[in-house]
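Shown next, in structure tokens, is the structure this report addresses.
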Amino acid sequence: MANLTHAAERQAVGLMLDGMLKKLNRQADKTKDYLKIVDLAQKFIGNKENEDTFTKVRAAFKDPNNRWVKMMSRMIDETDPHYAKMLMLNLGYEAFLRGTKQIRENREKYDCNIPWLILFDPTMACNMHCEGCWSGTYGHKANLSYEDMDKIVTQGKALGVHLYMMTGGEPTVRKNDILKLCEKHQDCMFAAYSNSTLIDEELCEKVAKLGNLTFMLSIEGTPETNDARRGDGHYEAVMKAMDLLHKHGIVFGTSICYTRANIEAVSDEKFLRFISEKGARFGFYFHYMPVGNNAVVDLMPTVEQRKKMIEQIRYIRSKDCDIEFFPMDFQNDGEFVGGCIAGGRNYFHINANGDAEPCVFIHFSDSNIHENSILEMLQSPLFKAYHEGQPFNRNHLRPCPMLENPKYLREMVAKTGAHQTNQESAESVEHLCAKCDSYAAEWGPVADEVWGKQKHKKPSYENYTIEKREHPELAGFDHVKV
């Protein structure tokens, strides 16, 4: 009965979005219809604690000069109507509205982390060899079968998860199986981190028709800074892919690894304005992690560079900047997601061998999709250690149990007996964490100083264990004031 109600509700929302999108594409002023969407969202959430948030959102939509509303209107005008409808249905209705409710209920029911998204690797095969990349350490022959990927999504949906990201390797090496997965699970949104080289006209036509797959394209600044790490000709391939995706009305973003060598180039206003003009509307920034035996530790940003990165990203998102591009910093935006999101708190990773890893950068596991269900993975000793240990630092500029708090990763691996998952180039937890010790010691006092000068609002929902919410000293992280 619940499934019938869900299907009927989804159909009703879909019909409503069809009508709205037809009107929105014809209207210069889209305010009234935006407000209807906000009303619908509030109806589903029904939480009085969020009343202030909805009031602010309504005020933003009523402001004709709000840069994010302008960007949203531009996206609607540029996006294929069917693709826009599927994006709103799956990311908005399924993942954000229905999924969030179900996920929170299941966290209480099963007493473990239940993620909002699951990241998995269709393959570790890649047609590139970027300097310092850890992905090849699994071995290029590793693949998840279509049946494995279908199991991940089917079981994830049962827990409320409707957003799935894919990395690797290069996911589009398996594009036929990915398209098949998208077609079967039309109520989910999929996203692939891609090097762009296999995105062509045929793939874009199929993606636009399906409407539930997007891409985050790897790019690192100028042609010189990009190709220095990724190889000659890669920048040109990214430009071609951007043009094709934009032409077909497909929403896409960027994936940017910032290093000591490229950080100025990838955070420069001119660069961000350029990729916005190419059609990119959002981007994920990832701090370089010294993972794997081929890691180049000297690529890690300096403390001063990281401080500037925090300032620059927040400036780009501020009202003082007019670039129609929304950047998110995986390492420095911890405040907005409550610290470390790994271990299933908001996401976790399944590698191409099927191992469940707490994070794409933490290559240790004690469960596997071939032997365990998604729920069993989330209830495994390693993932429960994350659940009980988060936040690993009450200063959310120091969120990671590896990069900024390496003693905690050492403890969790030792306590749970988790095994390392680098099949081609084994790396112990001690070897990995030793590369982070000096960085953590240097960044810690600087991060505390920056954090102490900022204003912080306690979120209404954090997803920490009840004991730590009531008695934060039990976590052992009482050395930083909130």
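When a residue number appears, it is its place in the shown sequence, counting from 1. What you are looking at is a predicted structure, and each value in this text was computed from that prediction instead of being measured.
- Contact annotation: the side chain of C321 approaches that of R67 to within less than 4.5 Å [non-hydrogen atoms, C-beta and beyond].
- Nearest approach of I114 to L375, heavy atoms of both residues: CD1-CD1, 4.3 Å.
- A 4.5 Å side-chain heavy-atom check between M377 and I350 finds at least one atom pair inside the cut-off.
- Side-chain contact annotation: N66 with D63, donor-acceptor N/O pair under 3.5 Å absent.
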side-chain hydrogen bond (donor to acceptor under 3.5 Å, both in side chains) evaluation trace for E170 with T197: CA-CA 9 Å; E170 171 53 39; T197 57; 5.6 Å; no
- prompt: Would E269 and Q312 count as a side-chain hydrogen bond (donor to acceptor under 3.5 Å, both in side chains) if you check the C-alpha gap in whole Å, the side-chain angles of each, and the deciding distance to 0.1 Å?
  reply: CA-CA 9 Å; E269 258 189 270; Q312 181 68 346; 5.2 Å; no
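- Interatomic distance, I103 CD1 to L159 CG, rounded to the nearest 0.5 Å: 8.5 Å.
- You'll find the ring centres of F348 and Y386 outside the 6.0 Å limit.
- The side-chain heavy atoms of P358 and L382, taken from C-beta on, include a pair separated by under 4.5 Å.
- D329 and Y258 share a donor-acceptor pair across their side chains, judged by distance under 3.5 Å alone.
- The distance from atom CG of N463 to atom CD1 of I341, rounded to the nearest 0.5 Å, is 11.5 Å.
- You'll find the side chain of V69 reaches within 4.5 Å of the side chain of Y34, heavy atoms only.
- Of the possible donor and acceptor atoms, none in the side chain of N393 sits under 3.5 Å from a partner among the backbone N and O of P399.
- With D268 contributing its side chain and E264 its backbone, the two residues share no donor-acceptor pair below 3.5 Å.
- Using a 4.5 Å cut-off on side-chain heavy atoms (C-beta onward), M328 and Y285 make no contact.
- A centroid separation of less than 6.0 Å is found between the aromatic rings of Y439 and H287.
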field: side-chain hydrogen bond (donor to acceptor under 3.5 Å, both in side chains) assessment of N395 paired with D448
entry: CA-CA 7 Å; N395 178 344; D448 289 350; 2.8 Å; yes
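- Test V450, I310, I313 against N332 for side chain to side chain contact (heavy atoms under 4.5 Å, CB included) and you get one pass: I310.
- With E427 as the fixed residue, the side-chain hydrogen bond (donor to acceptor under 3.5 Å, both in side chains) test singles out one of Q420, K435, H363: K435.
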task: Test R260 against E304 for salt bridge (Lys or Arg N to Asp or Glu O under 4.0 Å), laying out the working first.
output: CA-CA 10 Å; R260 188 174 303 187; E304 194 57 39; over 6 Å; no
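- Of all the heavy atoms in F284 and M216, the pair that sits closest is CD1-CG, 3.9 Å.
- D437 has no carboxylate O lying under 4.0 Å from a charged side-chain N of K407, or vice versa, which leaves the two without a salt bridge.
- Atom OG1 of T31 and atom NZ of K62 lie 9.5 Å apart (nearest 0.5 Å).
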task: Take R273 and E324, measure what salt bridge (Lys or Arg N to Asp or Glu O under 4.0 Å) needs, and give me the verdict at the end.
output: CA-CA 8 Å; R273 197 174 296 280; E324 293 182 351; over 6 Å; no
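- Closest of all the heavy-atom pairs between C340 and R345 is O-NH1, 3.2 Å.
- With a 4.5 Å cut-off on side-chain heavy atoms, K240 and S196 do not count as touching.
- The pair E462-R104 does not meet the salt-bridge criterion, since no charged nitrogen lies less than 4.0 angstrom from a carboxylate oxygen.
- Ring planes of F326 and W68: perpendicular class, angle over 60° (limits at 30 and 60°).
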task: List the steps, then state whether salt bridge (Lys or Arg N to Asp or Glu O under 4.0 Å) holds for E105 with R98.
output: CA-CA 11 Å; E105 289 170 359; R98 289 193 74 259; over 6 Å; no
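- Taking all atoms of both residues into account, the shortest heavy-atom contact from F282 to V251 is CE2-CG1, 4.0 Å.
- In this structure, W116 has its ring center at least 6.0 angstrom away from the ring center of H162.
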- prompt: Stepwise, does the side-chain hydrogen bond (donor to acceptor under 3.5 Å, both in side chains) test hold for N351 with D121?
  reply: CA-CA 5 Å; N351 69 27; D121 300 341; over 6 Å; no
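- Taken to the nearest 0.5 Å, the CD1 atom of I250 stands 8.0 Å off from the CG atom of L213.
- At a threshold of 4.0 Å, the pair E78-R281 counts as salt-bridged, since one of the basic side-chain nitrogens sits closer than that to a carboxylate oxygen.
- Between C112 and R107 there is no side-chain heavy-atom pair separated by less than 4.5 Å.
- With contacts defined as side-chain heavy-atom distances shorter than 4.5 Å, the pair F383/N113 does not qualify.
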- request: Check step by step if salt bridge (Lys or Arg N to Asp or Glu O under 4.0 Å) holds for D366 and K384.
  value: CA-CA 11 Å; D366 61 357; K384 288 289 282 187; over 6 Å; no
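- Aromatic rings from F252 and F215 are positioned such that their centres are separated by 6.0 Å or more.
- For the residue pair P301 and I263, the shortest heavy atom distance occurs at CB-CD1, 4.3 Å.
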